[in-house]
Amino acid sequence: MALIVQKYGGTSMGNPERIRNVARRIRHWQSQGNQMIIVVSAMSGETNRLLSLAKEISPNPNARELDVIASTGEQVTIGLLSIALEEQGVKAKSYTGSQVRILTDDAFTKARILSIDDAPIRKDLDDGYVVVVAGFQGVDENGNITTLGRGGSDTTGVALAAALSADECQIYTDVDGVYTTDPRIVPEARRLDRITFEEMLEMASQGSKVLQIRSVEFAGKYRVKLRVLSSFEDETNQGPGTLITFEDDKNMEEPIISGIAFNRDEAKLTVLGVPDRPGIAYQILGPIADANIDVDMIIQNVGHDGTTDFSFTVPRSEYARTISILEDQVKQHIGAREIVGDTHIAKVSAVGVGMRSHPGVASKMFRTLAEEGINLQMISTSEIKIAVVIDEKYLELAVRVLHKAFGLDQA
Ligand code: ADP
Ligand code: ASP
Ligand code: MG
């Protein structure tokens with residue numbers, strides 16, 4: 001008997017008919033002799049709706065209360081799915097994050113899971129129940145409801161799979177696997193049979209939201225067998241999806257580039273005329289880190305005339321807060337000339353473990369973008385990734401030409 005964790009995303013849970021469809025799939029898997037833990041998202045659009053209600057009341061709502069509100073979307077779907085399962089003759093029991101006791105830290109809206117109490121779930125499984133758990137949410141040590149960041153149900157799924165040593169964690173969504181790039185942007189994108197954890201981690205962190213980045217981190221750390229599949233295929237004739245593998249599992253020749261990721265969720269800030277002296281980067285970025293704002297790309301130019309320019313990117317949703325922190329800091333301590341910002345940027349990244357052994361990927365990427373007249377505002381690299389920041393209006397063009405230039409549209 002295998003223990004399987006399945007996570008169903010918002011589109012898969014989008015209306016009563018789809019929820020019935022999910023219940024049918026679960027019944028099928030259980031009837032094959034598997035123990036089933038199901039993690040669900042809120043109905044698609046629901047989390048956005050809930051958060052925008054709060055924003056209508058306050059432009060800057062309290063994060064603890066945002067989590068109280070946002071977590072309700074998943075409380076509805078666990079109940080609905082459990083009822084749908086019972087309707088189909090399957091014993092089911094639903095749990096919110098706090099009922100399971102998915103213990104997190106208290107970083108509201110982006111909490112991290114610290115531990116999971118697996119005992120009640122194991123007992124229910126042994127008693128023949130399908131256990132249905134609300135994704136995206138937990139509870140801190142003081143009993144406050146927390147959420148795990150947008151897309152966080154993936155992480156709930158993988159964390160439960162790790163905590164219960166499940167045989168496999170299956171992420172069901174509205175595409176039948178991980179593609180070479182977002183198939184909504186490039187129709188020629190191809191499904192990958194396998195992708196390494198490292199590559200998936202880069203793809204997710206560079207914007208491929210098919211998996212939340214923390215879910216991939218978790219799966220890598222605890223060696224969870226993770227697969228992305230479509231919930232819209234017939235459960236008796238399910239395709240293979242995409243398996244996230246460890247690099248050493250692979251024995252075939254690596255493609256140089258496995259995928260193109262992108263995001264439009266960042267904003268760029270530049271502090272002009274910063275005195276060029278030790279400690280400046282810390283003075284600029286320290287207060288931003290203290291405010292729990294994630295800084296992504298950072299560029300400091302070579303100084304001249306005793307000053308330099310310092311640019312970095314932050315989540316677009318944190319842009320206003322970052323500016324106000326910087327203004328205080330720059331005025332009071334740093335003495336820079338000016339702060340300028342740009343919220344109309346996008347980041348495009350080429351990802352592939354094959355890059356390690358093949359030089360020339362960066363120059364091919366830069367040439368391809370230059371031929372389209374696309375200016376590169378920032379560049380950053382890791383061993384298996386090259387990322388560039390460009391004007392947002394060229395994003396789709398950039399993704400398409402890079403996808404083609406690296407031969408990703410060809411099988
Ligand atoms: P869910 O609600 O099931 O969690 P998401 O919207 O979070 O679904 O993730 C699935 C979506 O991710 C797809 O519809 C697709 O548009 C997008 N996506 C972005 N990059 C990729 C990629 N490389 N491969 C597959 N899907 C991708
Ligand atoms: N419902 C949450 C969101 O929309 C979590 C998730 O879907 O994974 O971000
Ligand atoms: Mg998702």
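Just follow the structure's listing: the first ligand is 1, and inside any ligand the first atom is 1.
- Short contacts between ligand 1 and D174, defined as distances under 4.0 Å to a heavy atom of the residue, involve ligand atoms 10 (C), 11 (C), 13 (C), 14 (O).
- Q377 pairs in a side-chain contact (heavy atoms from CB on, under 4.5 Å) with only one of the listed residues (I345, T270, I390, I299), which is I345.
- Using a 3.5 Å distance cut-off with no hydrogens or angles, the side chains of D67 and T147 do pair a donor with an acceptor.
- Put simply, part of G177 is less than 4.0 Å from ligand 1, judged by heavy atoms.
- Of all the heavy atoms in V39 and S153, the pair that sits closest is CG1-O, 3.7 Å.
- Looking from atom 9 (O) of ligand 2 to the surrounding protein, the closest heavy atom is R150 NE, 2.7 Å.
- At least one heavy atom of G151 sits closer than 4.0 Å to an atom of ligand 2.
- Contact of the S41 side chain with the E74 side chain is registered, since non-hydrogen atoms from C-beta on lie closer than 4.5 Å.
- For H28 and T236, the side-chain atoms include no donor-acceptor pair closer than 3.5 Å.
- When only non-hydrogen protein atoms are considered, atom 7 (O) of ligand 1 lies nearest to K209 O, 3.4 Å.
- Side chains of S349 and Q206: a donor on one and an acceptor on the other come within 3.5 Å.
- The contact set between ligand 1 and V178, taken as ligand atoms under 4.0 Å from a residue heavy atom, comprises 24 (N).
- Checking R24 against N21 by side-chain atom types alone, a donor-acceptor pair falls below 3.5 Å.
- Close to ligand 2: G152, with a non-hydrogen atom less than 4.0 angstrom away.
- Close contacts of ligand 1 with R184, meaning ligand atoms under 4.0 Å from a residue heavy atom, involve 13 (C), 14 (O), 15 (C), 16 (O).
- Shown are T196, V224, L211; of these, the side-chain contact (heavy atoms from CB on, under 4.5 Å) with I244 is made only by L211.
- Within the 4.0 Å cut-off (strictly below), a protein heavy atom is located near atom 23 (N) of ligand 1.
- Of all protein heavy atoms, the one closest to atom 27 (C) of ligand 1 is V210 CB, 3.7 Å.
- Taking atom 15 (C) of ligand 1 as the reference point, the nearest protein heavy-atom neighbour is D182 OD1, 3.4 Å.
- A donor-acceptor pair shorter than 3.5 Å can be found between the side chains of Q212 and T155.
- Ligand 2 has E74 within reach: a non-hydrogen atom of the residue lies less than 4.0 Å from it.
- Protein heavy atom closest to atom 4 (O) of ligand 1, with residue, atom name and distance, is K7 NZ, 3.0 Å.
- Nearest non-hydrogen protein atom to atom 7 (O) of ligand 2 is S41 OG, 3.0 Å.
- Taking every non-hydrogen atom of T173 and a distance limit under 4.0 Å, the qualifying atoms of ligand 1 come out as 1 (P), 3 (O), 8 (O), 9 (O), 10 (C).
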